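Structure record follows, encoded as structure tokens.
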Number of protein chains: 6
Amino acid sequence: MRVDGREVNQLRPVTIETNYLMHPEGSVLIQVGNTKVICTATLEDKVPSFLRGQGKGWITAEYSMLPRATQERTVREASRGKISGRTMEIQRLIGRALRAVVDLEALGEKTIWIDCDVIQADGGTRTASITGAFVALTQALAKLHKESPFEKFPVTDFLAATSVGFIETIGPVLDLNFAEDFEAMVDMNLVMTGNGRFVEIQGTGEEATFSRDELNTLLDLGEKGILELIEIQKSVLGEDAKLIQN
Amino acid sequence: MRVDGREVNQLRPVTIETNYLMHPEGSVLIQVGNTKVICTATLEDKVPSFLRGQGKGWITAEYSMLPRATQERTVREASRGKISGRTMEIQRLIGRALRAVVDLEALGEKTIWIDCDVIQADGGTRTASITGAFVALTQALAKLHKESPFEKFPVTDFLAATSVGFIETIGPVLDLNFAEDFEAMVDMNLVMTGNGRFVEIQGTGEEATFSRDELNTLLDLGEKGILELIEIQKSVLGEDAKLIQN
Amino acid sequence: MRVDGREVNQLRPVTIETNYLMHPEGSVLIQVGNTKVICTATLEDKVPSFLRGQGKGWITAEYSMLPRATQERTVREASRGKISGRTMEIQRLIGRALRAVVDLEALGEKTIWIDCDVIQADGGTRTASITGAFVALTQALAKLHKESPFEKFPVTDFLAATSVGFIETIGPVLDLNFAEDFEAMVDMNLVMTGNGRFVEIQGTGEEATFSRDELNTLLDLGEKGILELIEIQKSVLGEDAKLIQN
Amino acid sequence: MRVDGREVNQLRPVTIETNYLMHPEGSVLIQVGNTKVICTATLEDKVPSFLRGQGKGWITAEYSMLPRATQERTVREASRGKISGRTMEIQRLIGRALRAVVDLEALGEKTIWIDCDVIQADGGTRTASITGAFVALTQALAKLHKESPFEKFPVTDFLAATSVGFIETIGPVLDLNFAEDFEAMVDMNLVMTGNGRFVEIQGTGEEATFSRDELNTLLDLGEKGILELIEIQKSVLGEDAKLIQN
Amino acid sequence: MRVDGREVNQLRPVTIETNYLMHPEGSVLIQVGNTKVICTATLEDKVPSFLRGQGKGWITAEYSMLPRATQERTVREASRGKISGRTMEIQRLIGRALRAVVDLEALGEKTIWIDCDVIQADGGTRTASITGAFVALTQALAKLHKESPFEKFPVTDFLAATSVGFIETIGPVLDLNFAEDFEAMVDMNLVMTGNGRFVEIQGTGEEATFSRDELNTLLDLGEKGILELIEIQKSVLGEDAKLIQN
Amino acid sequence: MRVDGREVNQLRPVTIETNYLMHPEGSVLIQVGNTKVICTATLEDKVPSFLRGQGKGWITAEYSMLPRATQERTVREASRGKISGRTMEIQRLIGRALRAVVDLEALGEKTIWIDCDVIQADGGTRTASITGAFVALTQALAKLHKESPFEKFPVTDFLAATSVGFIETIGPVLDLNFAEDFEAMVDMNLVMTGNGRFVEIQGTGEEATFSRDELNTLLDLGEKGILELIEIQKSVLGEDAKLIQN
């Protein structure tokens, strides 16, 4: 069985605490099992230079871990003076995923800064970041919408993410924790929308390969998990969820 | 009166939640009013090269703020590729302060890494970091002491810190929040031990100066606040507090 | 139809010139349409510190573009003093992909350095890099095998990569050039082995999403293209191809 | 007794050579015992962006040591590619101290760059830098005042600095040289104005602590030394000293 | 005799392939023996800030080596995060040399970016870069001249470079390959114009010295080689060579 | 005539003050007209890794300018976080030049660190650095020789440097100051030994060229100046000069 007693197609317990911090326009603490991430959304009234004057907005994301989010202390990227390849990949993924469900013309010349800071890590930090950041972003835009309504609310659909993988002794599983992730031969991150379309598929054999059939089983598992995560998002967003008309 | 209704010699409400994270040897979430800092202590079985072979340990500290700990988003030091002068000053202060109440010979050839990550900032983040880090450090050493007892428990006294300052319209005040800090003409950070001795005095006129009498009033205020903080530390440390024999 | 007159399921002309440079153990110039990449393989008789003493080898990859490989001059990463997120993603992908078809125990305590330098870019530089690097790596190991035979030749299967995508006016297409890539709403890079298993799937909606059916069409196209690429690899590898026993 | 035969309350011999270099607007070579620092003041007709348009000026300081200012060769910060925490602390201190005796509104939209370069180090380099930089700054502004008079001369008071400390075998001493500094259990830097007010107190127990009484003795010693330093400043400034009306 | 059988005053075989890449305004692959360099010229319609508004243009050069251009793999400068002193020297030399034969007023407010990327190194990479870059630059300007003619064609003379040196067992030699360069006691790079004037002489004793007579012999050899290189440039430039009226 | 009234073949007044600093093994302040450079030599009992175990020593040089050595304030390289191309060129030149007159085998496994810090700049800082550094290096080795004699004193000959150039309105001149250097069309740095052999010739046309005859005139001027500089070195070295047996 799975190390924490879950079914192969079962998510870990998920909670999303909204308005977690006093300063940001949107902020949540998302917990997926023992993984805890603070996600904030900051609105800025300008866009990067490559977009200036086009009437479009932008979303950019940054991701980091506290040094003791991990079992062994991780050296701070600020101390090393540079950002690792892993961090860059993750923050590019988060930004790209969110941009797929935000109408950047409807947003107008604004930048949304997403910050995902992992307080405690137990696998799945990048997918928890996406699921949490979506809520923070939506709340930040909903707050702005109350003060000065958008013609069209820029969020076009729900968005959540999870991981699936293939463990030799178990087979395909949903939402891997750190111990499972370490053991997995195939690791796949999926980002999907509320209407069941893919935004991102990143499947990787870890010194291993996978067949088309195995791929299909993993996609089925992931889709189930993401739809459950979106239900949780809807519930914590409450009235704000209704602004999203997909 | 003060912006939040406090007496001039009154601390903000302080809570220290211990064992806040699952991985570190010691970890707390300290809240001083709206200022929230996660402090962790990590034990490592080696020392920096300048101490190797001397039978002594070392304590080193790192400090950081989440980008949206602050009212306006602060650019990450990892993104800028270097640590600011302010951060360096603070992390050097935290390490130096803690070393004053730890017997490094009794500790043996170990390094204690202190990480202070500000989740939410409302003034006094460096003093809250010291007060919280002392608890995390003591708990990490107490845990180790239970498994393999030190001949002499290395923590020699309690240690806490607060700020005092001089506000033109009010006069001297204890434990400034961000709004007060911004207004203050004189800003002083004090670190003291459980038996009332100074470890560090850092008093600065902000484009202003102060007299010997004003200095004495500020020191009196600070001493009162620090003794109250140490009572809180004792209470959250419980049995572990008894290991400290000052 | 397609901008260069190809069928939707047709690769661009591919040539792989082996032994392209005099110094490296393995080197090729791969051309996929107008995309030209020099791929080299360097053997080093040691491994990174995290692998030392485990009897296993390692493969690491670096990727770069000449400043005028592109239409507009790109600033050198050496001049900017740091490697972009895009470059990091690509070089991590190349290394990971190659490791999936090399038996690192059979390789022994050696590092294979792969360098992919894009001389001219017209779309698909990362997939051309993987396809070319596989040939350079195999030739480098084959040369070593002749001098001092491996017990088991470390390359376990063929490996090639291509891109597929979804263009609004055409639908799904194979092997996108730069103009097509720019237009595509969905962009997917596939890495597969000689026996038709996946090593990596990276599918991304560019401010867009895609359905499960669309995904399946893209995977079919990609599989066809990769099998053709592997035939070309076999042909240029000649006798060396027989060392690979999948 | 003290290692160099001084009384506990005696400064080392101090000389300040003005107009030491041909290019800067103000420049001195200050010698405090064997410590030698070149201090220059540069006037620039603009302010940092955070002050633009406010009619106020700014003072910023940089500090460095020649590699062989010290007994052992120190690696250049330019070679290491970054500025140490110690250097940052010192240059922030120098700038802050000088700003306390300069009326930034009277200065107008100008930046004064202070450069303190230690040619030879024997303890007390940061306090010698402040004492010397004050003279260089005053001369630079006096020269400008002769060409185009300020409505109000911006320097509002004299400013000097020294160190005091507590040595186990001697007790409290004034103006520590390197050997004394190395031995001291408490180390305190004081910056004061001509009318005897504090600008900065930085007192640190070096793995030690100090009582309120000990603090008072140290402050008395420091005040005596600083008033002597200010007499020397007045003497070398000559006529220019009269522009300062405290 | 020489390791490759050449006479002491004989160049290696030289070929210059023009229009080597599809994107740049000018591009060549120059081969001098086994040394191969891709040189490109990029025209940009602005100048660095220090030249703005003066009606003059600028030429700037960058130089790099592929990691396996060399016998042992060279770490990428992008990976090390900084450019080596050797690279800086070379790129400053290339830019300076080309500026000596371009009338920057006639060029107008344009920047010409020269990129020299060494594909394979066997000695003399910096001089091959200058010789090749001159052709790429001339072709880029000739192409522009056809579209919108300059009043005066900015290239004022031909320019080529070679190395000469002193080998203990042979004496003075022209155009050293890597093995010869390694052995040489004196190493000199010469840059000259079509009418036989010097642009740059860089002669260096490698832990050795040289007399005035030896210098004169080396200069004679170099002059002979450079005039031969200029004949090759004229031949590959064809009609474009006639635009240069020295 | 020349801006400072000198003959075209006349050096500026030169003084070399030895034992300028208390800590280094060798140190001088060299003044060449208004150019002032502190040169120090530091002996270290190990060599860089590429020389380890070969019984040979090494000489490495670093060069820097104080920010206000120049007319306009120059930004510190430590603040910019990297060393400029100009600085790298100069420090490579200084090290290479000194190595030509030091027998590295006779030196044994030692590194000599040369630091040249320009206090005031008025042209010719790199050549003054070489001339001064030679004296500091010789004194450092002479001091060591008295304590523990070398079998063969490692300095094999004298070494000095100067600049020559071609000014349009005057013609060829020796030892250019900053104003002359700025105006010069050809700028040449020469390094020679006591017996009149060249170590380094670096001649550069500044957007100009020069003939073989002009070169010869410049070399004659430089030789005259360098022999005068070597006489001054001999005089300040006194007894130590006799250790050099060229």
Side-chain angles (χ1 to χ4, degrees), chain A residues 19-29 31 33-45 60-84 87-88 91 111-122 133 136 140 177-178, chain B residues 19-29 31 33-45 60-84 87-88 91 111-122 133 136 140 177-178:
Chain A
N19 297 315
Y20 184 66
L21 297 178
M22 68 190 277
H23 297 305
E25 287 81 72
S27 68
V28 310
L29 173 67
Q31 307 198 31
N34 285 321
T35 289
K36 303 184 187 185
V37 188
I38 298 177
C39 306
T40 67
T42 299
L43 302 179
E44 191 187 19
D45 265 332
T60 193
E62 293 193 354
Y63 166 96
S64 185
M65 280 195 174
L66 295 204
R68 281 315 298 277
T70 48
Q71 203 148 357
E72 305 287 311
R73 185 176 184 275
T74 311
V75 176
R76 284 174 199 270
E77 297 188 324
S79 302
R80 288 191 304 152
K82 61 179 182 182
I83 291 175
S84 72
T87 294
M88 285 217 193
Q91 52 198 26
T111 297
I112 307 177
W113 290 85
I114 298 296
D115 287 289
C116 298
D117 285 88
V118 179
I119 299 305
Q120 192 168 276
D122 187 32
N177 64 22
F178 182 76
Chain B
N19 298 314
Y20 183 67
L21 297 178
M22 68 190 277
H23 297 305
E25 287 81 73
S27 68
V28 310
L29 172 67
Q31 307 198 32
N34 285 321
T35 290
K36 303 185 188 185
V37 188
I38 297 177
C39 306
T40 67
T42 300
L43 302 179
E44 190 188 21
D45 266 332
T60 193
E62 293 192 355
Y63 167 96
S64 186
M65 281 195 175
L66 296 203
R68 281 315 297 277
T70 48
Q71 204 149 357
E72 306 285 313
R73 186 175 184 276
T74 310
V75 176
R76 284 174 199 270
E77 297 188 326
S79 302
R80 287 189 304 150
K82 61 178 182 182
I83 292 174
S84 72
T87 294
M88 285 218 194
Q91 53 198 26
T111 296
I112 307 177
W113 290 85
I114 298 296
D115 286 289
C116 298
D117 285 87
V118 179
I119 299 305
Q120 189 167 276
D122 188 32
N177 64 24
F178 181 75

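Throughout, a chain's letter reflects where its sequence line sits, starting with A, and its residues are numbered from 1. This is a predicted model, so every value here is computed, not measured.
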Practice problem: Indicate yes or no for a side-chain donor-acceptor contact from A/Q120 to the backbone of B/M22 under 3.5 Å, with no hydrogens or angles considered. | Solution: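 Flag set: sc A/Q120 to bb B/M22 pair under 3.5 Å.
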Exercise. Ignoring hydrogens and angles, state whether a donor on the side chain of A/T42 or B/R68 is under 3.5 Å from an acceptor on the partner side chain.
Key: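 Yes, a side-chain donor-acceptor pair sits under 3.5 Å.
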Name the region of [X], side chain, backbone, both or neither, that has any atom closer than 4.5 Å to a heavy atom of chain A.
X      : value
B/D117 : side chain
B/T70  : backbone
B/I38  : side chain

Quiz prompt | Contact check, side chains of B/P67 and A/T40, non-hydrogen atoms, under 4.5 Å | solution =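 The answer is no, as the side chains (C-beta and beyond) never meet within the 4.5 Å cut-off.
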Quiz item: Is any side-chain heavy atom of A/D115 closer than 4.5 Å to a side-chain heavy atom of B/L66?
Solution: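 No, too far: nothing below the 4.5 Å cut-off.
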Quiz item: OG1/A/T74 to NE2/B/H23 distance, rounded to the nearest 0.5 angstrom?
Solution: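 Going from the OG1 atom of A/T74 to the NE2 atom of B/H23 covers 9.5 Å.
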Practice problem: Quick one: pull up OH in A/Y63 and CZ in B/R76 and give me the separation to the nearest 0.5 Å. | Solution: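 These two atoms lie 10.5 Å from each other.
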Quiz item: Can you tell which of A/E25, A/E44, A/E62 makes a salt bridge (charged side-chain N to carboxylate O under 4.0 Å, His left out) with B/R73?
Solution: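 Answer after filtering A/E25, A/E44, A/E62: A/E62.
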Quiz prompt | Top contributor to chain A contacts, counting heavy-atom pairs under 4.5 Å, from B/Q71, B/E72, B/K82 | solution =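 Among the listed options, the one with the most contacts to chain A is B/Q71.
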